[in-house]
Amino acid sequence: MSQSADPSVPADKIAAGYAFTGPALDLGALLWDGQVLPRRQIRIPLSMLNRHGLVAGATGTGKTKTLQLIAEQLSANGVPVFLADIKGDVSGISAPGVANEKVQERAKDVAQDWQATGCPAEFYALGGIGTGIPVRATVTAFGPVLLSKVLQLNQTQEQSLGLIFHYADTKGLELIDLKDLRAVVAFLVSDKGKPELKGIGGLSTVTAGVILRALTAFEQQGASEFFGEPEFDTSEFLRTAADGRGTVSVLELPAVQDKPQLFSTFLMWLLADLYTDLPEVGDLERPKLVFFFDEAHLLFNGASKAFLESITQTVRLIRSKGIGVFFVTQTPKDVPADVLAQLGNRVQHALRAFTPDDAKALKATVKTFPHSPYDLEELLTQLGTGEAVVTVLSENGAPTPVAATRLRAPQSLMGPVEAAALEQAVKASLLYSRYAEPVDRESAYEKISAEQAAAEAEAEAAAAAAEAEKEAARAARSAPKPDPSLAQQVVGSGLFRSLARSIGTQLGREISRSVFGTARRRR
């Protein structure tokens with residue numbers, strides 16, 4: 001850190017930047033010149049939580065505890081919170097914490113009145129895989145851009161998928177689950193379906209094959225569980241408890257943590273759905289919801305231009321819907337510059353500089369902060385667990401001074417609750433009966449299958465009728481037409497009876513061969 005003859009002066013100047021008049025969340029106490037200054041509190045205005053934020057830092061530096069600290073204070077102020085629990089260690093936010101020597105020491109250091117307190121919580125799981133209320137989406141609702149990201153399609157294939165969705169939308173073909181989408185793709189490259197897209201570009205057989213193979217691989221990963229009905233209503237995340245505290249919605253993801261692209265894309269769908277449904281409200285005294293997006297780098301890895309544009313637009317505009325978004329990741333460079341520029345609140349935990357790449361990332365991180373009296377490049381490698389460099393937006397929207405901070409201890413349980421308690425909480429929820437059982441109603445797959453079956457039956461009936469006509473014509477041509485007077489002369493003779501038997505045998509054989517031959521070719 002830089003030195004000063006009077007270290008209290010810069011410390012006072014920094015602390016003055018956090019002396020807000022309105023409601024604020026307490027993050028911790030100022031660190032200056034190696035000292036914790038408990039009387040100089042670092043805070044974040046409640047009204048600025050919809051201006052988005054970033055919680056970053058190397059593994060093991062305390063990012064999860066920081067988001068837990070912020071989440072429980074938001075809940076106490078009546079603000080609902082959404083948390084993605086990827087490692088399975090956030091469920092403890094629903095239970096009171098446990099006092100121990102470390103907690104008491106931390107509370108004393110930062111002048112915290114620590115009291116064990118749990119938050120009202122609901123637990124969710126993607127498609128019901130794992131313990132939680134099932135969260136499902138229909139394929140139609142998920143949309144082609146997000147689905148292209150999770151299927152890892154290139155730009156051309158993404159555009160073709162968009163065309164498929166457009167066709168399904170205009171024809172009233174509901175894409176509820178993956179088999180619906182597969183049925184529409186297969187239909188559009190069939191002889192009957194090809195003309196349907198001729199006027200708007202068409203769908204190549206090769207592209208359709210890529211999409212179908214990607215869907216098959218996706219299903220083999222268990223993704224079919226995530227798409228279907230009842231579709232989850234994301235407004236459930238906006239609820240408050242009977243005592244006025246905000247409900248903390250915890251999406252349990254340990255069961256699908258080996259499918260990072262899936263859950264990161266699904267989180268983006270939740271956010272995009274909220275953006276679509278909520279009205280414009282402008283700036284509020286407190287946000288309607290704060291959404292924590294953990295492991296955010298997974299969302300941006302390999303993302304197409306269209307996907308990044310979609311994220312940027314959603315993050316930029318959702319602020320006016322009263323929603324705050326915090327991205328949680330390792331370094332700021334994990335987040336695209338256009339998104340990073342919209343994250344006004346920053347909590348940066350320690351970074352490592354073991355490799356040249358680490359050193360480069362460290363320098364890039366320092367450049368993203370306002371000018372400060374600290375030597376940030378040195379400070380960021382020396383911070384301990386539960387310490388961070390903070391800058392937030394003040395009540396007038398200006399950045400606060402950069403403040404090294406020893407963070408408060410969460411008052412809820414810092415770890416997972418027992419599995420039995422978690423399962424009991426899920427089944428006791430009023431939402432469980434609403435979303436637990438999947439529903440499979442008529443949609444694109446059933447409609448296309450029914451139309452194909454009807455078309456096949458109609459074709460077979462037409463072929464049978466045509467064959468019957470041919471048989472009748474042949475019979476008419478083959479039948480003898482004797483002169484009546486001559487017939488009267490020979491009808492009783494033995495020669496007539498013998499000839500009739502011979503003609504009848506030949507006609508029977510010809511009809512039999514003709515009928516079986518046609519059926520065989522048709523099959």
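Note that these values count all heavy atoms, side chains included, but never hydrogens, waters or copies made by symmetry.
- A centroid separation of less than 6.0 Å is found between the aromatic rings of Y435 and F232.
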Would you check, one step at a time, whether the test salt bridge (Lys or Arg N to Asp or Glu O under 4.0 Å) holds for D283 with R319?
CA-CA 8 Å; D283 289 327; R319 177 182 68 80; 2.9 Å; yes
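- Considering only heavy atoms from C-beta on, I318 comes within 4.5 Å of V325 through its side chain.
- Put simply, OG on S235 and CG on L278 are 8.5 Å apart, with the number rounded to the nearest 0.5 Å.
- For R286, the CZ atom counts as loosely surrounded, since its 6.0 Å shell holds 12 or fewer non-hydrogen atoms of other residues, nucleotides or ligands.
- Within a 6.0 Å sphere centred on CD of E395, other residues, nucleotides and ligands contribute more than 12 heavy atoms.
- Looking at N154, its side chain does come within 3.5 Å of a backbone N or O of T156 through a donor-acceptor pair.
- Of the candidates R346, K333, Q348, T368 forms a side chain to side chain donor-acceptor pair (under 3.5 Å) with just one, namely R346.
- No donor-acceptor distance shorter than 3.5 angstrom exists from the side chain of E196 to the backbone of G193, with no hydrogens or angles considered.
- Contact annotation: the side chain of K447 approaches that of L173 to within less than 4.5 Å [non-hydrogen atoms, C-beta and beyond].
- Judged by distance alone, the side chain of Q313 and the main-chain N or O of S310 form no donor-acceptor pair under 3.5 Å.
- Here the closest heavy-atom approach between residue L161 and residue P144 is recorded as CD2-O, 3.7 Å.
- Across all non-hydrogen atoms, the minimal contact from D89 to T64 is OD1-CG2, 4.1 Å.
- The two residues A116 and G97 have their closest heavy-atom pair at CB-O, 3.3 Å.
- In terms of modelled atom types and a separation under 3.5 Å, the side chain of H349 and the main chain of V55 share no donor-acceptor contact.
- Interatomic distance, OG of S443 versus CG of L175, reported as 8.0 Å (0.5 Å rounding).
- Side-chain atoms of D334 come within 3.5 Å of backbone N or O of T331 as a donor-acceptor pair.
- For the residue pair F227 and D177, the shortest heavy atom distance occurs at O-CB, 3.7 Å.
- The backbone N or O of L393 lies less than 3.5 Å from a partner atom in the side chain of N345, making a donor-acceptor pair.
- Salt bridge R352/D358: absent, no basic N to carboxylate O contact under 4.0 Å.
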Evaluate side-chain hydrogen bond (donor to acceptor under 3.5 Å, both in side chains) for S320 paired with E280, printing each intermediate quantity in order.
CA-CA 6 Å; S320 63; E280 295 278 342; 2.6 Å; yes
Residue pair S264, E295: steps toward the side-chain hydrogen bond (donor to acceptor under 3.5 Å, both in side chains) verdict
CA-CA 8 Å; S264 64; E295 300 292 342; over 6 Å; no
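- Of all the heavy atoms in K63 and A56, the pair that sits closest is CD-C, 3.6 Å.
- Residue F142 forms a side chain to side chain contact (heavy atoms under 4.5 Å, CB included) with just one option from V145, L146, T140, T138, and that option is L146.
- R441 and E229 are joined by a salt bridge, as a carboxylate oxygen and a charged side-chain nitrogen come within less than 4.0 angstrom of each other.
- Going from atom CG of D26 over to atom CG of L407 covers 11.5 Å, rounded to the nearest 0.5 Å.
- With a 6.0 Å radius and a threshold of 12 heavy atoms from other residues, nucleotides or ligands, E442 has its CD atom above the threshold.
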Could you go through the salt bridge (Lys or Arg N to Asp or Glu O under 4.0 Å) check for K149 and E158 one step at a time?
CA-CA 8 Å; K149 170 68 166 64; E158 180 179 333; over 6 Å; no
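- Of the N and O atoms on the side chains of T131 and E252, not one donor lies less than 3.5 Å from an acceptor on the other residue.
- At least one side-chain heavy atom of V250 sits under 4.5 Å from a side-chain heavy atom of I93.
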Take T355 and D357, measure what side-chain hydrogen bond (donor to acceptor under 3.5 Å, both in side chains) needs, and give me the verdict at the end.
CA-CA 5 Å; T355 68; D357 286 344; 5.2 Å; no
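- Using modelled atom types and a 3.5 Å distance limit, the side chains of D338 and T312 yield no donor-acceptor pair.
- Remark: the backbone N or O of V392 is paired with a side-chain donor or acceptor of T400 at under 3.5 angstrom.
- Note: L251 CG to F291 CZ = 8.0 Å, rounded to the nearest 0.5 Å.
- The shortest side-chain heavy-atom distance between H52 and L340 does not fall under the 4.5 Å cut-off.
- The structure places CZ of F266 at 10.0 Å from CG of L253, a figure rounded to the nearest 0.5 Å.
- A ring-ring contact (aromatic ring centres under 6.0 Å, His included) with F82 is found for exactly one of F123, F237, Y124, F293, namely F237.
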Between S224 and E219, does a side-chain hydrogen bond (donor to acceptor under 3.5 Å, both in side chains) hold up when you go through it step by step?
CA-CA 5 Å; S224 56; E219 286 180 300; 5.3 Å; no
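- To the nearest 0.5 angstrom, L238 atom CG is 5.5 Å from I323 atom CD1.
- When all heavy atoms are compared, the tightest approach of R136 to G127 is CG-CA, 4.2 Å.
- Residues T381 and L351 form no side-chain contact, since every pair of their non-hydrogen atoms from C-beta on lies 4.5 Å or further apart.
- The cationic group of K321 lies under 6.0 Å from the six-membered ring centre of Y275 and within 45° of the ring axis, placing it in a cation-pi geometry.
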